[in-house]
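Quick note: residue numbers are just sequence positions, from 1.
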Amino acid sequence: GFERLFSYESRLSMVANVIKRRSDPGEIREAVERYLGAADEATLSKLIRYIATEYYLDLIPEGDAVRAVANLVKAYPELSEGFKRIVKFFIAVVAGGKIASGEVRSRMDLEMFKKALSINLNLRGWAPSNGYIVEVARIVYGDSVRTRKLSGQGEGPPRGHRSAELSSG
């Protein structure tokens, strides 16, 4: 059935649920090892992508997603350099959601948001460039997301829920 077909995703979900609720590095490491096996860059990257997908699909609130990734980074400081790229992608997905919803409307808003998010993740200096965030916002949330003001060319996105800004075709 479902469990057999989506066995790995089910295990990712179990670990994600633990790291959203627990901040103890020992408990997080134990859950990762129990459900996913050896913790390496590839495994932790899949886990962060899973959490980013849950956030994008509105299955978990932003706070839970950020807390989960922060707890994971804290639990694996020795591997954090290795999964830096996927964490930057996570930051770009969350910031892209703010752009799509209209909460982030200017370059200054974007700078403040991504720096605050990096600090919440205990990753000062890991914030991706505005160009990367704009590119991810367009890919993830659709070409209808207006980002010209963020790149210095015109108006920001209209107000509304982030999924309302997805392109219809």
Side-chain angles (χ1 to χ4, degrees), residues 2-101 103-104 109-141 145 161-163 166:
F2 177 82
E3 286 295 319
R4 224 172 38 210
L5 184 61
F6 293 104
S7 169
Y8 191 73
E9 290 78 6
S10 178
R11 289 181 288 148
L12 285 170
S13 177
M14 287 183 220
V15 175
N17 286 332
V18 169
I19 65 176
K20 283 182 261 183
R21 294 188 320 266
R22 306 264 191 243
S23 62
D24 178 71
E27 289 180 53
I28 291 168
R29 291 174 84 101
E30 182 181 318
V32 168
E33 289 165 22
R34 180 183 319 135
Y35 295 112
L36 303 176
D40 57 19
E41 178 183 336
T43 301
L44 298 180
S45 292
K46 287 175 187 172
L47 185 54
I48 292 170
R49 275 194 300 276
Y50 181 85
I51 293 164
T53 301
E54 282 187 319
Y55 167 74
Y56 171 75
L57 294 174
D58 281 334
L59 298 175
I60 60 172
E62 177 187 324
D64 286 358
V66 170
R67 185 177 321 101
V69 173
N71 288 342
L72 190 62
V73 169
K74 186 172 94 176
Y76 290 97
E78 72 279 10
L79 295 175
S80 64
E81 230 7 82
F83 57 90
K84 190 177 201 175
R85 214 170 63 233
I86 193 66
V87 172
K88 284 186 175 194
F89 174 76
F90 173 78
I91 292 169
V93 168
V94 175
K98 297 294 186 187
I99 293 167
S101 72
E103 292 176 66
V104 169
D109 289 347
L110 182 56
E111 283 296 325
M112 291 184 342
F113 178 77
K114 74 180 184 179
K115 285 183 180 175
L117 185 53
S118 293
I119 290 168
N120 286 340
L121 292 169
N122 295 315
L123 301 171
R124 286 174 181 79
W126 278 29
S129 70
N130 288 357
Y132 179 74
I133 292 172
V134 166
E135 182 181 333
V136 168
R138 286 181 178 149
I139 291 168
V140 172
Y141 296 97
V145 173
H161 189 271
R162 69 176 182 262
S163 60
L166 294 173

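Two residues are said to be in side-chain contact when any heavy atoms from C-beta on lie closer than 4.5 Å; Trp126 and Leu121 fail this criterion. Residues Tyr55 and Asp64 form no side-chain contact, since every pair of their non-hydrogen atoms from C-beta on lies 4.5 Å or further apart. Contact annotation: the side chain of Ile91 never approaches that of Val69 to less than 4.5 Å [non-hydrogen atoms, C-beta and beyond].
Side-chain N or O atoms of Ser10 include none that pairs as donor or acceptor with a backbone N or O of Phe6 at under 3.5 Å. The backbone N or O of Gly96 sits nowhere less than 3.5 Å from a side-chain atom of Tyr141 that would complete a donor-acceptor pair.
Under the side chain to side chain contact (heavy atoms under 4.5 Å, CB included) criterion, Asp40 pairs with Ala42, Thr43, sequence neighbours left out. Every residue two or more places apart in sequence or in another chain was checked for a salt bridge (charged side-chain N to carboxylate O under 4.0 Å, His left out) with Glu33, and none qualifies. For Glu62, the side chain to side chain donor-acceptor pair (under 3.5 Å) partners at least two apart in sequence or on another chain are Lys98. Annotation: side chain to side chain donor-acceptor pair (under 3.5 Å) contacts of Asn17 (sequence neighbours excluded): Lys20. Applying the side chain to side chain donor-acceptor pair (under 3.5 Å) test to Asn71 and every residue at least two apart in sequence or in another chain returns nothing. With sequence neighbours excluded, no residue forms a side chain to side chain contact (heavy atoms under 4.5 Å, CB included) with Asn122. Under the rule for a salt bridge (charged side-chain N to carboxylate O under 4.0 Å, His left out), Lys88 has no partner lying at least two apart in sequence or in another chain. By the side chain to side chain contact (heavy atoms under 4.5 Å, CB included) test, Ala127 is found to be paired with Lys114, Ser118, residues two or more places apart in sequence or in another chain being considered. Looking at residues two or more places apart in sequence or on another chain, you find no salt bridge (charged side-chain N to carboxylate O under 4.0 Å, His left out) involving Arg49. Remark: Arg11 engages Ser7, Tyr8, Tyr35, Leu36 in a side chain to side chain contact (heavy atoms under 4.5 Å, CB included) (not counting sequence neighbours). Residues forming a salt bridge (charged side-chain N to carboxylate O under 4.0 Å, His left out) with Glu135 (at least two apart in sequence, or on another chain): none.
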- [ ] Evaluate side-chain contact (heavy atoms from CB on, under 4.5 Å) for Ile60 paired with Glu54, printing each intermediate quantity in order.
- [x] CA-CA 6 Å; Ile60 60 172; Glu54 282 187 319; 3.6 Å; yes
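The distance from atom CG of Leu47 to atom CG of Leu12, rounded to the nearest 0.5 Å, is 6.0 Å. Going from atom OG1 of Thr53 over to atom CG of Leu57 covers 6.5 Å, rounded to the nearest 0.5 Å. Note that CG of Leu44 and CZ of Phe83 are 5.0 Å apart. Values are rounded to the nearest 0.5 Å. One distance of note links CG of Leu123 with CG of Leu117; it measures 9.0 Å at 0.5 Å rounding. To the nearest 0.5 Å, atom CD of residue Glu27 and atom CZ of residue Arg34 are 9.5 Å apart. For the atom pair CG of Leu110 and NZ of Lys115, the computed distance is 10.0 Å after rounding to the nearest 0.5 Å.
Heavy-atom minimum distance, Ala31 versus Val15: O-CG2, 3.6 Å. Between Ile48 and Phe90 the shortest heavy-atom distance is CG2-CB, 4.0 Å. A pairwise comparison of heavy atoms in Ile99 and Ala137 identifies CD1-CB, 4.3 Å as the closest pair. Across every non-hydrogen atom of Ala68 and Ile51, the tightest pair is CB-CD1, 3.8 Å.
Screening residues 72-87 for salt bridge (Lys or Arg N to Asp or Glu O under 4.0 Å) gives Arg29-Glu78, Glu81-Lys84 as the qualifying pairs, with residues at least two apart or on separate chains.
Residues Phe89 and Tyr132 place their aromatic rings such that the two centres sit no closer than 6.0 Å.
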